[in-house]
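Notes to accompany the following structure.
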Amino acid sequence: MFVSNDPLTVKKIKEITGLEKNRIKNIINELISNYKGDNRPFKIYEIAGGYKLGTKPGYSIWIRKILENIKKHQISKAALETLAIIAYNQPITRLEIEKIRGVNCSGVLFNLLKHKFIRISGRKKVPGNPLIYKITDTFLIHFGLKKLSDLPKLTEIGII
Amino acid sequence: MNNIDVDIKIKINEFEASTNELIKKIKENIIDIDLVSITEIINQYLQYVIKNKNIIDLSNAGKTINNMVIILKIKSEYLLPKLEIKNNEREDNEYNDFATSKEKESYIQEYNKFQKVVKYLKKKEGDQNNIYFPMMKSRTKKDNIEIQKVDLADLLVCLEKVLLSKKKKEFIPIKKRIFTIDTKMKEILNLLKNSKEGFSFEYFMERVQSKLEIIVIFLALLELIYLKKINCFQNKSFDKIIFNMKGDALN
């Protein structure tokens with residue numbers, strides 16, 4: 001978990017260690033509760049269907065001083081809008097996104113594809129066979145989501 | 001004149017008539033257009049044409065086609081969604097305005113919903129920015145310098161380019177120089193030893209005086225890559241191919 005660049009799934013841990021899935025889950029849960037205490041600067045995060053070791057938010061002030069040259073990705077508002085529309089309506093075509101946003105989205109989609117936040121999942125069986133887009137694990141990692149269904153329902157969103 | 005009316009009879013269910021009569025009956029609503037099969041009419045027509053190809057009058061046969069097109073038009077109009085025609089234009093405009101404003105409103109509502117999602121995602125992003133994961137920094141840093149692998153095809157394209165550019169200039173025969181791949185390899189290694197950043201493919205070709213020399217240098221570079229003494233890379237697509245010394249080759 002410490003060295004893996006992608007979130008480590010239970011399946012992957014099983015492949016490496018040969019342990020039973022339940023046992024792995026128990027050990028991880030044990031570790032999670034162990035790290036919860038104040039005496040540790042890091043904890044295990046459950047994101048994108050796997051586990052990842054990361055620092056606790058409270059330590060970010062000091063960490064930033066060390067990593068001052070490294071800036072995290074800041075997604076633009078247009079890109080966030082596009083991502084939100086894809087996340088809630090995937091698989092979706094460019095035209096369908098543009099219908100909701102009311103502006104051209106080619107550039108935004110190109111950048112999102114470049115940074116691997118979305119992927120092309122095929123073509124829609126309608127005249128013109130347009131490409132359809134889906135979000136990727138990079139999106140889940142970036143926003144710290146376990147899975148896509150973790151996003152609030154559109155009907156609930158007014159409460160947030 | 002309309003001999004064809006007598007000649008070609010189209011059978012639809014129990015009704016049998018020429019295409020002219022058929023149109024008439026459809027217009028008078030005696031025959032339901034829904035029951036009229038265009039393919040059936042065409043099949044019957046084609047059968048008739050094939051059967052009587054020697055005696056058929058082409059102008060009359062053409063008229064039947066014309067009638068079939070009319071039936072096809074009536075049928076397609078019937079099948080298409082009907083637009084409500086209102087006599088009062090003002091009322092019509094008002095209706096349209098109402099419809100578009102309602103449509104607009106629903107779009108705005110939908111868009112506003114996503115604005116709230118954007119806020120939620122922004123908050124999540126902010127939270128996530130306070131968490132640091134090991135190994136993540138290399139991902140963010142590497143985004144700017146994307147080093148792509150160079151394969152033989154890229155190198156050949158580059159060689160072709162250099163050869164083409166050299167073709168335009170006249171080669172001036174000076175002294176005959178003998179160069180072997182071995183000597184060129186040594187020359188290249190000597191050059192690269194003193195430069196950390198490395199040199200581009202074009203740099204090696206700058207002072208070249210013959211086609212043969214270009215090829216020898218190219219082969220020398222390939223040999224050095226094969227021997228793993230030098231690296232070659234591109235900073236981005238279509239950029240210059242850069243050669244530099246491998247770390248262990250320096251020793």
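Just so it is clear: chains get the letters A, B, ... in the order the sequence lines come, proteins before strands, and each one is counted from 1.
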**Report entry** Residues A:I85, B:V117; criterion side chain to side chain contact (heavy atoms under 4.5 Å, CB included); working and verdict
**Finding:** CA-CA 9 Å; A:I85 293 165; B:V117 180; over 6 Å; no
Atom [atom1] of [X]: over 12 foreign heavy atoms under 6.0 Å:
X	atom1	result
A:I32	CD1	yes
B:K122	NZ	yes
B:E28	CD	yes
B:N190	CG	yes

Look up atom [atom1] in [X] and atom [atom2] in [Y], then write down how far apart they are to the nearest 0.5 Å.
X	Y	atom1	atom2	result
B:Q115	A:K77	CD	NZ	4.0 Å
A:F143	B:K123	CZ	NZ	13.0 Å
A:L151	B:L121	CG	CG	6.0 Å
A:L80	B:F114	CG	CZ	13.0 Å

**Report entry** Closest non-hydrogen atom pair, B:K124 against A:L145
**Finding:** CE-CD2, 3.9 Å
Query raised in the report: Of the non-hydrogen atoms in B:Y120 and A:D150, which two are nearest, and what is the gap between them?
Result: OH-O, 4.0 Å
**Report entry** With sequence neighbours excluded, residues passing ring-ring contact (aromatic ring centres under 6.0 Å, His included) with B:Y111
**Finding:** none
Query - Portion of A:F42 that has a non-hydrogen atom of chain B nearer than 4.5 angstrom - result: neither
**Report entry** Structural part of A:K43 lying under 4.5 Å from a heavy atom of chain B
**Finding:**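 Neither; nothing under 4.5 Å.
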Query raised in the report: Under the 3.5 angstrom rule, does the side chain of B:E125 hit a backbone N or O of A:H142 as a donor-acceptor pair?
Result: no
